[in-house]
Amino acid sequence: MLIATWNVNSLKARLPRVQAWLEDVHPDVVLMQETKMTDKAFPALTFKEMGYESAHFGQGQWNGVAILSRLGLDNVRANFVVGEPDGEARIITADCSGVTVVSVYVPNGRALDHEHYQYKLRWLDQLAKHVAAIATPSGNLVVGGDYNIAPADIDVWDTKALEGSTHVSAAERERLEALHDWGLRDVLREQHPEPGIYSWWDYRNGSFHRGWGMRIDLLLATSNIADATMWTAIDRNARKGEQPSDHAPVLMEVST
DNA sequence: ATGGTGGCCCGGCCA
């Protein structure tokens, strides 16, 4: 089972690239973020013609998450399943051929002294509760998406440039650590301990070509899934060429 | 590097 996560930064703007990428890579399950459209505008028929069932949780011009699957798509759950529902469309869950998958778009945080950063931390606490409510550590679960957190210093191009910024702060990294403590593993980092592996590069300043990136898009998996993962990769090619997203897809191939 | 870009949609906000 080939599982991917990709923040497409507007599915309307990115649909040609997304279609070409699906035809090229043929993932079985895709966790998508930042579709930036309503459910009505979501191109479910286009994906159906390509062999994918889909589920979308959108709100309009911002946020929006989706799951595509050509291995079945059942038990779709939009938003958090416990506690207060989030006011923004940032999380959707479904079951695909025996694996529960979650597509998450964690709030950016904007700045450490911004209210949005507190929202980010609360959101991550809610995510931990959501995960505990839908699965057990011994089950088959993948929680993938744009976490807007670089798990460790190795996941950023320059720690000095990011001092005092979101994405690297102790409080948000602790929230990620709580997910690890529960039983979710960062399989790509386990398989690739080397530095310089990023999934996002700012559009500005030629960041991609200068290697100024961060690894903030993650596929976290329970041990059943992590142990069965044959390979993982980040598809940097998807960040090149005409009208790319500022994020590259992250992939994991799970033996079934 | 804190915008020189690129989304939203047409003046800024957001990432």
Side-chain angles (χ1 to χ4, degrees), chain A residues 5-21 30-43 46 56-66 86-91 103-124 127 144-151 153 155-169 171-173 175-176 195-196 198-218 234 236-250:
Chain A
T5 183
W6 194 9
N7 180 323
V8 298
N9 185 20
S10 170
L11 185 54
K12 184 182 174 187
R14 213 68 57 211
L15 188 57
R17 290 290 303 247
V18 170
Q19 285 184 269
W21 185 81
V30 182
L31 311 176
M32 200 178 286
Q33 300 85 38
E34 279 206 90
T35 58
K36 294 185 176 178
M37 58 175 52
T38 60
D39 291 339
K40 192 175 179 180
F42 184 77
T46 299
H56 181 247
F57 177 35
Q59 67 178 77
Q61 68 203 68
W62 304 114
N63 309 310
V65 284
D86 187 29
E88 302 187 345
R90 295 181 176 274
I91 181 168
S103 177
V104 302
Y105 176 45
V106 177
N108 175 287
R110 297 179 194 171
L112 297 188
D113 60 356
H114 199 291
E115 189 280 328
H116 201 256
Y117 178 71
Q118 297 304 320
Y119 169 53
K120 182 180 196 175
L121 299 181
R122 291 196 305 273
W123 201 94
L124 289 163
L127 176 60
D146 178 0
Y147 280 77
N148 271 315
I149 302 170
D153 286 350
D155 297 305
V156 303
W157 85 101
D158 185 352
T159 53
K160 280 266 188 276
L162 287 161
E163 273 178 6
S165 300
T166 58
H167 297 68
V168 297
S169 75
E172 51 199 298
R173 283 176 169 173
R175 265 69 176 185
L176 206 49
Y198 308 129
S199 66
W200 172 85
W201 299 261
D202 202 314
Y203 283 124
R204 297 164 291 189
N205 300 311
S207 291
F208 181 68
H209 296 288
R210 297 161 98 157
W212 294 351
M214 292 198 277
R215 191 176 69 94
I216 57 176
D217 299 271
L218 311 173
I234 296 181
R236 291 181 80 260
N237 284 330
R239 183 64 176 77
K240 302 175 182 174
E242 294 293 311
Q243 294 183 292
S245 170
D246 46 353
H247 296 253
V250 184

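Note on naming: letters A, B, ... go to the chains in the order of the sequence lines (proteins, then strands), and numbering restarts at 1 for each one. Because the structure is predicted, anything quoted here is derived from the model rather than measured.
- Mapped onto DNA chain B by nearest heavy atom, A:S10 and A:D158 fall at different nucleotides, with A:D158 at the one closer to the 5' end.
- Straight-line distance from the OH atom of A:Y119 to the C1' atom of B:dC14: 14 Å, rounded to whole Å.
- Nucleotides B:dA15 and B:dC9 have their P atoms positioned 15 Å apart, rounded to a whole Å.
- Each of B:dG7, B:dG3, B:dC9 was ranked by its minimum atom distance to the side chain of A:R204; first place goes to B:dG3.
- Among the atoms of the strands shown, only primed sugar atoms or phosphate atoms (P, OP1, OP2) are found under 4.0 Å from some heavy atom of A:R110.
- The only member of A:N148, A:D146, A:T5 that meets side-chain hydrogen bond (donor to acceptor under 3.5 Å, both in side chains) when paired with A:Q33 is A:T5.
- As judged by a 4.0 angstrom heavy-atom cut-off over every strand, A:Y105 is placed among residues touching the sugar-phosphate backbone only.
- Annotation: B:dT2 and B:dG7 have their P atoms spaced 23 Å apart (nearest Å).
- The separation between A:Q243 atom CD and B:dG6 atom C1' is 10 Å, rounded to whole Å.
- B:dG11 and B:dG6 have their C1' atoms separated by 16 Å, with the value rounded to a whole Å.
- When rounded to the nearest whole Å, the span between CG of A:D217 and P of B:dA15 equals 15 Å.
- Nearest nucleotide to the side chain of A:N108, out of B:dA15, B:dT5, B:dC8: B:dA15.
- For A:G109 and A:K12, each mapped to the nucleotide of DNA chain B holding its nearest heavy atom, the one lying further toward the 5' end belongs to A:K12.
- When each of B:dC8, B:dA1, B:dG6 is scored by its nearest atom to the side-chain atoms of A:Y203, the top-ranked nucleotide is B:dG6.
- Rounding to the nearest 0.5 Å places CZ of A:R14 at 5.0 Å from CG of A:N9.
- Interface remark: the A:N205 side chain does form a donor-acceptor pair with the B:dG3 base, using a distance-only criterion of under 3.5 Å.
- Between A:W201 atom CH2 and B:dT2 atom C1' there is a gap of 20 Å when expressed in whole angstrom units.
- The distance between atom CD of A:E34 and atom P of B:dT5, rounded to the nearest whole Å, is 19 Å.
- Classified by interplanar angle (parallel below 30°, tilted 30° to 60°, perpendicular above 60°), the ring pair A:W201/A:F208 is perpendicular.
- Under the 4.0 Å criterion applied to side-chain N and carboxylate O atoms, A:R210 and A:D202 are not assigned as salt-bridge partners.
- In this pair, A:H247 and A:W200 present their aromatic rings tilted. The plane angle is within the 30 to 60° band.
- Comparing the same atom, P, in B:dA1 and in B:dG12 gives a spacing of 29 Å after rounding to whole Å.
- Taking 4.0 Å as the cut-off between side-chain N and carboxylate O, A:E88 and A:K120 do not count as a salt-bridged pair.
- The CG-C1' distance, from A:N148 to B:dA15, rounds to 8 Å in whole Å.
- A distance of about 15 Å separates the P atoms of B:dG4 and B:dC13, rounded to the whole Å.
- As a whole-Å value, the separation of A:Q61 CD from B:dA15 P is 12 Å.
- Atom C1' of nucleotide B:dT2 and atom CG of A:D202 are separated by 9 Å, given to the nearest angstrom.
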